[in-house]
Amino acid sequence: RDLHRLIRRQRQMCIRDRYSHPSKPYNGFNQEPLIERPRSSKKVWYWHRIDEPILIDLEKLPNNHIAIFGASGTGKSSLAKSIIYQIHNIYGYSFLILDHHNEYIDLVEKLGKKIQILDALHASINPFELSENISPKQRAIELADTLQAIFSLGHIQRQYLEELFLETYKFKGIFEDNKDTWSLPAPSFNDVLMVLDSLEGELLENAKPIYERLRPYIRLLALDVFTETRLSIHDLLYKPTIILLASMPSDYVKALYVDTLLHKIVNTMYGLKRKTRTIIAIDEAHLLFRRNRSKLLISRLLMESRKYGIGLIMISQQPLSLSESVLMNSALRISFLIKEYKNLDYLAKSIAGYTSYGKIGALKLALSSLHQHQAIIDIPDGIY
């Protein structure tokens, strides 16, 4: 469906303020009073219906980041597909979609052979690979932090992981103090298991139990999908692509795959010789970015990608699970039905700007009573 017609059907409302009035505030959603205030109240908030369509010019937005929130089945993915389709057709943007449930394949029917479809299981990526400015020590720290968060490991286990990764780099002839070795073939998790086996005789008695507890996690990641990088990150930023994640064996594997991919995109972005025009859409983002390092990675993309021509569409059921920068740096914030109290409270306060109890209450009531395919859009002033 055309985005403009979809917005028209959703009957978007805008918030206006008015001062003391003898009548009750009017709720355009269900024809009932939205909130009641005594006659002496200085300010009340109510909904005012807009009958004309809301047309948004992408070029006028301060950035191309869009956040879409809502419960399952409310219309988030349908709207995201419509937005991506129009941004591609009207503005000529490329796109990269990280498809958690293989829901975006029907874009191929609309856009034909323009799109490359990649199954993540057959589009391997190596988390141990180094870039020009990333040393073995730094990558070992980042990877140990990521796995600590993915598997909920303790700090001692995380430290042993870091040391094990550094030993694995040395096993492959890659040394911290010799930058010429950084371009050698990177190790994999299979190499980590080999190093773990070779170190067993040298380990102190109190270290062996820790390494043995780490072994199952490493074995879980010793898959072909993490052996070598068969993707061209540069091509992903210039050619419309959908990466299917549903075939991944576990959420742990998905999380590490997406984390590694975005890490490589950030490093590639800094070295771009020409500005790209790309939208990166991440569905079910709350399942992938609960970790602090992943949140920092997303924050960097949101804050720095604009000058490289990259925009993000973050789609999630749980805004609280994402970094605060998602709401702070998204030019458009679209909210479908939200009922869970903590997420509802957080989202309403973020949109309202924490300015007024009445405004926050009006938003919470509206967000919790929306029907399917109805949404509230927070748009910067002067854009439409």
Side-chain angles (χ1 to χ4, degrees), residues 98-102 118-130 134 136-172 174 185-200 203 206-231 243-264 282-298 321:
L98 303 182
D99 189 352
H100 201 81
H101 298 297
N102 296 3
L118 301 177
D119 188 327
L121 269 184
H122 306 294
S124 62
I125 190 166
N126 189 345
F128 289 93
E129 284 184 345
L130 305 175
I134 303 294
K137 175 72 172 178
Q138 183 176 345
R139 189 56 191 146
I141 291 172
E142 292 174 347
L143 198 50
D145 285 346
T146 299
L147 296 190
Q148 179 189 22
I150 289 176
F151 294 119
S152 300
L153 302 178
H155 294 292
I156 295 177
Q157 290 175 307
R158 180 231 160 274
Q159 183 61 36
Y160 274 87
L161 265 183
E162 180 186 326
E163 294 174 5
L164 184 59
F165 293 157
L166 280 173
E167 287 297 321
T168 307
Y169 277 117
K170 293 176 184 177
F171 172 75
K172 297 292 288 186
I174 302 171
S188 67
F189 285 107
N190 286 314
D191 293 316
V192 176
L193 287 174
M194 291 176 60
V195 170
L196 188 57
D197 290 336
S198 68
L199 289 177
E200 279 188 340
L203 296 179
N206 60 346
K208 286 183 180 180
I210 297 175
Y211 277 116
E212 286 306 312
R213 285 196 292 270
L214 290 174
R215 187 186 294 273
Y217 301 117
I218 298 169
R219 189 180 292 117
L220 183 64
L221 301 174
L223 305 168
D224 287 342
V225 71
F226 293 131
T227 52
E228 62 177 318
T229 299
R230 301 190 184 116
L231 292 171
I243 297 181
L244 307 177
L245 301 173
S247 59
M248 289 293 202
S250 70
D251 285 340
Y252 305 122
V253 176
K254 285 182 186 178
L256 180 58
Y257 185 92
V258 174
D259 187 275
T260 305
L261 180 61
L262 291 180
H263 183 272
K264 290 182 176 294
I282 305 174
D283 204 356
E284 301 291 355
H286 58 280
L287 297 177
L288 303 170
F289 300 113
R290 292 174 176 170
R291 297 161 300 284
N292 288 336
R293 185 165 291 278
S294 296
K295 290 180 179 181
L296 289 174
L297 197 60
I298 286 296
S321 296

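Position 1 is the first residue of the sequence; numbering continues from there. The figures here come from the full heavy-atom set of this structure, side chains too, leaving out hydrogens, waters and symmetry mates.
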Point to revise | Pairing of Glu212 and Lys208 as salt bridge, 4.0 angstrom limit | key: no

Review point. Hey, are the side chains of Arg230 and His122 touching, using non-hydrogen atoms and a 4.5 Å cut-off?
Key: no

Practice item. Answer yes or no: is there a side-chain heavy-atom contact under 4.5 Å between Lys254 and Asp251? Key: yes

Exercise for review: Could you pull out the closest heavy-atom pair between Leu231 and Ala123, with the gap in Å?
Suggested key: CD2-CB, 3.5 Å

Check your understanding: Any donor-acceptor pair under 3.5 Å linking the side chain of Ser124 with the backbone of Thr227?
Key -> no

Point to revise | Distance-only polar pair, side chains of Thr229 and Asn126, donor-acceptor under 3.5 Å | key: no

Review point. Taking Asp197 for the side chain and Met194 for the main chain, is one N or O donor matched with an acceptor at less than 3.5 Å?
Key: no

Practice item. Look at the aromatic rings of Tyr257 and Phe226 and report parallel, tilted or perpendicular, splitting at 30° and 60°. Key: tilted

Review point. If you take all heavy atoms of Pro127 and Phe189, which pair is closest and at what distance?
Key: CG-CE1, 4.1 Å

Review point. Salt bridge between Glu129 and Lys264, side-chain N to carboxylate O under 4.0 Å?
Key: yes

Check your understanding: Does Glu162 reach the main-chain N or O of Gln159 with its side chain, forming a donor-acceptor pair under 3.5 Å?
Key -> no

Revision key, fill the gap. Between Ala120 and Met248 the two heavy atoms that sit nearest each other are CB-CE, 3.3 Å

